[in-house]
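Below is one structure, written out as structure tokens; the observations come after it.
Lettering follows sequence order; numbering is per chain, from 1.
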Amino acid sequence: MDKIYEHSLVEEKIYKEWEEKGYFKPEVHPDGKPYCIILPPPNANGDLHFGHAMFVIEDILIRYHRMKGEAALWLPGTDHAGTETQFVFEKKLQQEGKSRFDFNRQELYDMIWKYVGENRGGIENQLRRLGFSLDWTREKFTLDPDIVEIVKQTFRKMYDDKLVYRDYRLVNYCTRDGTSFSDLEVVHEEKVNPLYYIKYGPLTLATTRPETKFGDTAVAVHPDDKRYQQYIGKELEIEDVLGKSKIKVIADESVDPTFGTGVVKITPAHDFADYETGKRHNLPMKQVIGFDGKLNHYAGKFEGLYVKQARVAVVEEMNKKGLIEKVDEKYVSRIGVCYKCKTVLEPLPLEQWYVKVGPLIENAIKAVDNGFTKIYPENFVHILKQWYAGLRDWNISRQNVWGIQIPVWYEVVNSEDFSVSFIDSKRELQKGTLKEMIDKGFSVEEIVTGLQKVIAPITAKIVFEEQKEKGKTYLPETDTFDTWFSSGQWPYVTLKTAQKGDFEKFYPTSVMETGYDILRAWVSRMLMLGLYIANGKHETDLEKIKNTVPFKDVVLHGLVNDPYGKKMSKSKGNVVNPLELVTQYGADAVRFALVYGTGLGNDQAMSYGKLDASRKFTNKLWNMARFIEMQVKESGLSLTEEMKHPAAEGEDLEMVTKTQGLIKDITKFIDAYQFNLAAELLYEFIWHTVADKFLEYVKVSSNKKQSLTILYDQVFRDCLKLLHPFMPFVTEEIYQRLYPKEAEKTALIISSWPK
RNA sequence: GGAGCUAUAGCUCAGUUGGCUAGAGCGUUUCAUUGACAUUGAAAAGGUCACUGGUUCAAGUCCAGUUAGCUCCACCA
């Protein structure tokens, strides 16, 4: 054996051997108890970041259960990550001087497919380099045809069960990315937004958004506000930027009399609160901002200006006309921005698909309350339930191409009600109502072929593919599902499609291990959707809920930050590629450093100190093995023959007893998801009890042969096994060298867990 | 506005049914050693476990409150 452990000579060779011999497949223990973890699918749009290395926790669990003789399945996969991937890809297009408006849906989809295909290989390579014992023969992708089919069926079922519906309401819309978002995806930023006090006839009101005034359909005051009693219910005639106009005064409880002047303009089409107020008072919705972020014809001479420009222009005009009483220039408010591109989101009215969350949440909470799904650390139960409690219906429509198209068609009765955009056969972008396009001479077929986007009226009749009747005209829904709608079904769809019989054997899965940051976005959705699809319907029977949870345990790890404790992000330039560290320190050291010294669910700062200590530990282990090998040869013991266990006594017996205690402790810690304690104890025991004390004792023992045998044949082998889930490469390499005869039969990875 | 997390050695952090004489890594100091070990070993210094109360035979650990930092959620013009 070399004097120094050289991970670069070992890791690739060992991983290849494991994989080729099929050790990652649950079939190595065909009769074992099923144990299953589904890998949280990384986004297939780039490299893994360092946080992904935390999947080591899953590998520890899988290796441990595999060694216990269970049929352990760790199923890999990647996620198409609709909005994010399209964002990344469009940036790339932009660099080439193109945009998505140059392509029809199919062309764009095919291009992204190719791009993503290239990325997926890189991700797989990273996961292998970290030593993850994933069953690659079962790898899945969220856009695999069989998965897409199931996701569409789920939607269909939910439609029949009235758990999804289409509605026309305000959505958070990014005019740059051209898509809406769910509430969860909106990021709020604090910004200085001047507060303008504007005269509306005899009244003055305060607003940060004067440019939306063209969409006002009322002004509101609090019903008890004494200052304005004489106006309630009246229609005011006011002088406005576009000349004289009329506006109604309503009374609504939601108005805060202490804010501004106690008067507020109501713009139902462009403000969430106003939308609600508008519904209570039956106010018309007047959309003055388009999906391109520009003002439309209602804005008169301001038509065509972007919101930002329009605000300046409108204020200027109002100043000229003396309509502005005062301006609070320093007013700070929090506004929603796009989580990807940081563009200010516009609340815009749009026809969208929603999931009715009530019944699904009810069952998810039952699963958690009854302990059918347990969450570690426990405090996340409260976070989850609190989120469920305030959850509104879930907008699952995304105006993206990259994703699973919502599988419905709309019957065209009046072609004036439909607006379309498409690339015609001459590769020109066409936009307008369906009627205008047909009048221009385009056939419906040509339109559908080059389609980019259809907006169907909320009243349109909805049919599925096979329900289309001959002689009628239909346009497809162009929106795709929110990525979380498909990944929310991940445990179900993967096991249904990976290999025949997997679902029956492995569902419900044993553990879902992921970062706590996606508890709401992902784990919560898997619980909601998983219970529903596994039962095929909304089920209230507790026994059925128990048997259909997508996972029995949820284990949440913390974030890995940069060495200074700051969140790693591309924009800050402090992202560390896990592969660089694996190359430098070895996979075992990287894995160990991530687990050592961090309690479950706590964030950690990446630490070069811990990496170094871990790497030294691999070297220590290596040299312990080297010492044992030499001693065994010197003393005439055999490396190939099974030894007879001598009756231990004295120091030897004590060592055996201590090792047995260690086995109990490590087993207990892993079962309780206390990986840090297991790692710390192993480090302490192997280095300071075995190496510093017992190994030194063996050198001077009066019965050296017996002491050495205890060390070689009991203590050290057990240590290797206990350490293997944490440091798989170095332990396997040592095992094969030190115990060649056993290793010939069963590699360490599939050997038995010590008892 | 609501919730959660964190506060322990110079630094980074463990310490999960209360039993601690409070630990690790790195750093610091002293000594030893070419040894199985890009060293490693033996030892040392260093902590009123944020603060104040409470429960208990016993509190770093449980409870209440205070302070500070971080994070998340909801978002009113």
- [ ] Examine Arg615(A) relative to Tyr5(A) and say whether NZ or CZ is less than 6.0 Å from the centre of the six-membered ring and inside a 45° cone about the ring axis.
- [x] no
Polar-atom pairs under 3.5 Å, protein N or O versus N or O of nucleotides 20-24 of chain B: list them with distances, or write none.
{"from": "rA24(B)", "atom 1": "O2'", "to": "Tyr596(A)", "atom 2": "OH", "distance (Å)": "2.4"}

TODO: Using the C1' atom as the reference point in each nucleotide, state the distance between rG4(B) and rG41(B) in Å, no decimals.
DONE: 45 Å
Open item on the list: I'd like the P distance from rG53(B) over to rC73(B), given in whole Å.
Closed with: 38 Å
Donor-acceptor pair under 3.5 Å, [X] side chain vs [N] base:
X: Glu696(A); N: rA42(B); result: no
X: Lys620(A); N: rC37(B); result: yes
X: Asn619(A); N: rA38(B); result: yes

Open item on the list: Under 4.0 Å between a side-chain nitrogen and a carboxylate oxygen: does that hold for Arg280(A) and Glu276(A)?
Closed with: no
Open item on the list: Counting the atoms with a prime plus P, OP1 and OP2 as sugar-phosphate, which does Arg334(A) contact under 4.0 Å by heavy atoms, base, sugar-phosphate, or nothing?
Closed with: base
TODO: Looking at every strand, decide which applies to Val255(A) at a 4.0 Å heavy-atom threshold: base, sugar-phosphate, or nothing.
DONE: base
- [ ] Please determine which of Val219(A), Ile266(A), Leu283(A) meets the side chain to side chain contact (heavy atoms under 4.5 Å, CB included) test together with Lys248(A).
- [x] Leu283(A)
Task: Stretch residues 667-675 of chain A: residues that reach within less than 4.0 Å of RNA chain B through a heavy atom - done: Gln674(A)
- [ ] Name every residue in residues 208-215 of chain A that has at least one heavy atom under 4.0 Å from any atom of RNA chain B, in order of residue number, or write none if there are no such residues.
- [x] Thr208(A)
Open item on the list: In this structure, how many angstroms lie between the P atom of rA74(B) and the CD atom of Glu189(A), rounded?
Closed with: 15 Å
- [ ] Compare side-chain N and O positions of Lys616(A) against OP1 and OP2 of rC37(B) and report whether any pair is under 4.0 Å apart.
- [x] no
Atom pairs, protein N/O to nucleotides 63-69 of chain B N/O, distance under 3.5 Å:
none

So which protein nitrogen or oxygen atoms get under 3.5 Å of nucleotides 2-12 of chain B's nitrogens or oxygens?
{"from": "rA3(B)", "atom 1": "O2'", "to": "Gln386(A)", "atom 2": "OE1", "distance (Å)": "3.1"}
{"from": "rG4(B)", "atom 1": "O2'", "to": "Asn379(A)", "atom 2": "ND2", "distance (Å)": "3.4"}

Task: Any residue meeting side chain to side chain contact (heavy atoms under 4.5 Å, CB included) with Val312(A), in chain and number order, not counting sequence neighbours - done: none
